[in-house]
Amino acid sequence: MPIKFNNKTKEFHIMNKHISYIFKILENGQLGHLYFGSTISHVEDFSYMEFVPHRGLSICSFEDNLSFSLEHIMQEYPCYGTSDFSEGVYQIKQKNGSIITDFRYDSHVVFMGKKKIDHGKMPGTFGEDNEVTTLEILLHDDVINADMILSYTIFENLPVIARHTRWVNKSDDCIRLTRALSANFHFDNSSYELVHLSGAWIRERHIEREKITSGIKSIGSTRGASSANHNPFMALCESNATEDNGRVYGFALVYSGSFYGGCEVSTHGTTRISMGIQPFNFEWKLEKNECFCTPEMLCVYSEQGFSAMTHTYHKLFKNHLMRGRWKDKPSPILINNWEATYFGFDEESIIKIAQEAKALGVELFVLDDGWFGNRNDDKTSLGDWFVNKSKLPSGIGGLGKKLVEDIGIEFGLWFEPEMISVDSDLFRQHPEWRIETPMRKASHGRNQFVLNFTNEEVIDYIFEKLAKIFRCSPISYVKWDMNRNISECYGSNLMNDCQGEFFHRYILGVYSLYEKLITEFPYILFESCASGGGRFDAGMLYFAPQGWISDDTDAVERLKIQYGTSMIYPLRSMGSHVSDVPNHQVIRNTSFSTRANVAYFGTFGYELNPLSLSEDEKLQMKKQIDWMKKYRNLIQYGLFYRLKSPFEGDGNIVAWMVVSEDKTRAILGVYQVLSRPNPNRTRIILKGLEGQKVYKIGASERQGDSLMSFGISLNDVFTGVNVSHVMEIIKGGSAFGKFGIGDFSSEIFEIVEKGREEYDIKNK
Ligand code: DGJ
């Protein structure tokens, strides 16, 4: 049993072969934290870990005891008010106006397996009974007669602790949760750095790393979506931690709505990390016997730097969070018409694009925005989920038939289910379904408004509209977009004193629509999207195994976006396309090969018009697709290693690689942003191979240990002396785009163990 309780010392020890997590029931009945790190052999008494300092000016819990002050004791789930002065992770407002609570240990249970989060209303990790074990601790507050249940799950083979919390009101009086974070992780020192993923639209999830100092550093969102600005992920690392060394604690929230992530360093040098639903503007009313459940927070421990943390998250998400038949299947190679046509398409042009794409090997055609209502620009028709017959006379069913049966390509369709345009039949029928605050102007975003997904009637209506289309057309993929955040938040269906519930109820509504759709249409592959990566988070992966990580399709910008996103999200989940040049977001020209060399490390697809490509480019496209079909299993299910960061130094050289689990094959991608005159050579040190194996890389044979120590030297740098070589490059000859030759150059290396060249890589 990986969870032990010592009745004498009142200590809990949650452990597996990677980690130990130890805490105890304190003298006052609350829970005190003792240790979280690599596995410690179990002993009957861990009291040597306790630290109850006697500090002047402390507020103390017991008579004649000047030491026991919650301000100075490490806690599992702290709360402001009874000798702790931090904001705490939860707060309950009571009938008499008080916010003071005192939840004390009552009992606990340990069981194999894991319950669904909020009875399945929220996304969460799962595991078979032999894979996960759960500890639930019940604490009770006698004064308000409420229960608080802290849940801890350990995964048998992963250094992961999953936590969440729930409350049950047992009294006749109503109580209100005004802060309900999922968990707290307490550290006895502050010699750490904080890493998080921040950005904005078209530059999502850039890695930021900073020293922590006393005070509170927080990230989060108040937008109704997890956002492009901050991702629900944070990590604490030792200041010398690198990709391969040092202790790292990762924290990810399985949630897609407004969230909070806080790192609080006390002036005595302890650190608290907490994450959960954004407390700003949050309040949840609990009547008798009602229950509230937080989202799940996933903590990963690594003793070997960020790379090991990444591998754990990738495995955790792929095996214990993503669901459905698509999670184990590599993504189909798709073409999306958005950047090729925007709103300006008709059936004929779509068919032509699909035909050409099919001939080049594309497997799935995705019809993006503009196929419904009177949608010819972004001012109209959201909510009118019926086909625009003047554009598509055969209807969605007819078009689907032509694509799937005649051309032999799969068919995918774009929707934006949460939105409404004022110029739409839906708005004319149900203006009250738009989110707005009474007597106030509603602000638009991209000319559109948000539907009130806290209202089940709205969700049922949208479900029926979407289901009607899915039921009568051969759709096997859906891109679910969401192109604005919520302003003037208000639920006209909610009681006045329940408006603090709005944002959480909204995201529960989104989850419920997803659940209904994947239940009736389990064969459909969902790709989440929110103006690109505005809602790319662990919560979404539970419903949609892939997500469009950014509207920025420029290969150079994508280096940063994909590098940052890879910190915890698997390559299988990262939507990545080759688009046209000049690029539509940053107006940059990069070679066709570099665009593909970046996009390979994700789901891979195209976002361009193949009819406008030259014959040479078409040939390249066909080769790229053939190549990806050969290697996508390895890329999407292998172990990903970041080798050279775009965020460190001048960020000019970037490199990453994927290695098969059995270390027989690997794919390396190296990229140079700007060409530098007369530079030093570039040496890339590889990772994850087997030291004693001999590998073929290009024309050479190299020992694994040498590849992982000396690395490979990319000294084929253009020096400007070979004039014929220059001419060839200028004409766009074969060398163009090769790593080191010109701006935005790149190269892909296939690495295979000697003797295994013919070995079938399909299932790697
Ligand atoms: C934003 C998405 O990220 C794009 O890919 C595209 O689908 C547009 N919306 C369509 O409006």
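Note that the structure is a prediction, hence the values are computed from the model and not measured. Any value given below was found using the heavy atoms of this structure, including those in side chains, with hydrogens, waters and symmetry copies removed. Each ligand, and each atom within it, is numbered from 1 in the order the structure gives.
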- Query: Which residue, Phe463, Phe372, Phe470, forms the ring pair (Phe, Tyr, Trp, His ring centres under 6.0 Å) with Phe415?
  - Reply: Phe470
- Atoms of ligand 1 less than 4.0 Å from Asp369 heavy atoms? 10 (C), 11 (O)
- Quick note on ligand 1: atoms under 4.0 Å from a heavy atom of Arg446 include exactly 10 (C), 11 (O)
- Query: Closest heavy-atom contact between Thr594 and Ala555?
  - Reply: CG2-CB, 4.0 Å
- Item | Glu416 touching ligand 1 at heavy-atom level, < 4.0 angstrom | no
- Task: Could you tell me whether Lys622 and Glu615 make a salt bridge, using a distance below 4.0 angstrom between a side-chain N and a carboxylate O?
- Result: no
- Message: Taking Arg471 first and then Glu464, would you say they form a salt bridge - that is, a charged N and a carboxylate O separated by under 4.0 Å?
- Response: yes
- Message: With a cutoff of 4.0 Å, is Glu339 in contact with ligand 1, counting heavy atoms of the residue only?
- Response: no
- Taking only heavy atoms of Lys479, which atoms of ligand 1 are found under 4.0 Å from at least one of them? 4 (C), 5 (O), 6 (C), 7 (O)
- Cation over ring, Arg323 on Tyr542, under 6.0 Å and within 45°? yes
- Residue among Leu253, Ile117, Leu321 satisfying side chain to side chain contact (heavy atoms under 4.5 Å, CB included) with Glu296: Ile117
- Within-cut-off N or O pair, Glu607 and ligand 1, under 3.5 Å: no
- Task: State the atoms of ligand 1, each with its element, that fall below the 4.0 Å cut-off from a heavy-atom position in Ser531.
- Result: 1 (C), 3 (O)
- Those atoms of ligand 1 less than 4.0 Å from some heavy atom in Trp548: 3 (O), 5 (O)
- Message: Out of the candidates Gln624, Lys629, Met574, only one should pair with Phe604 under the side chain to side chain contact (heavy atoms under 4.5 Å, CB included) rule; please name it.
- Response: Gln624
- Note on the structure: Here the atoms of ligand 1 under 4.0 Å from any heavy atom belonging to Cys529 are 2 (C), 3 (O)
- Identify the closest protein heavy atom to atom 7 (O) of ligand 1: which residue and atom is it, and at what distance? Asp368 OD1, 2.7 Å
- What do you reckon, are the aromatic ring centroids of Trp656 and Tyr671 less than 6.0 Å apart? yes
- Item | Identity and separation of the nearest protein heavy atom to atom 4 (C) of ligand 1 | Asp551 OD1, 3.5 Å
- Note on the structure: Going by the 4.0 angstrom heavy-atom rule, the piece of Asn483 near ligand 1 is side chain
- Which atoms from ligand 1 have a heavy atom of Gly532 less than 4.0 Å away? 3 (O)
- Query: How far is atom 9 (N) of ligand 1 from its nearest protein heavy atom, and which residue and atom name does that atom have?
  - Reply: Asp481 OD2, 2.7 Å
- Query: Using 4.0 Å as the upper bound for N to carboxylate O, is an ion pair formed by Glu347 and Lys402?
  - Reply: yes
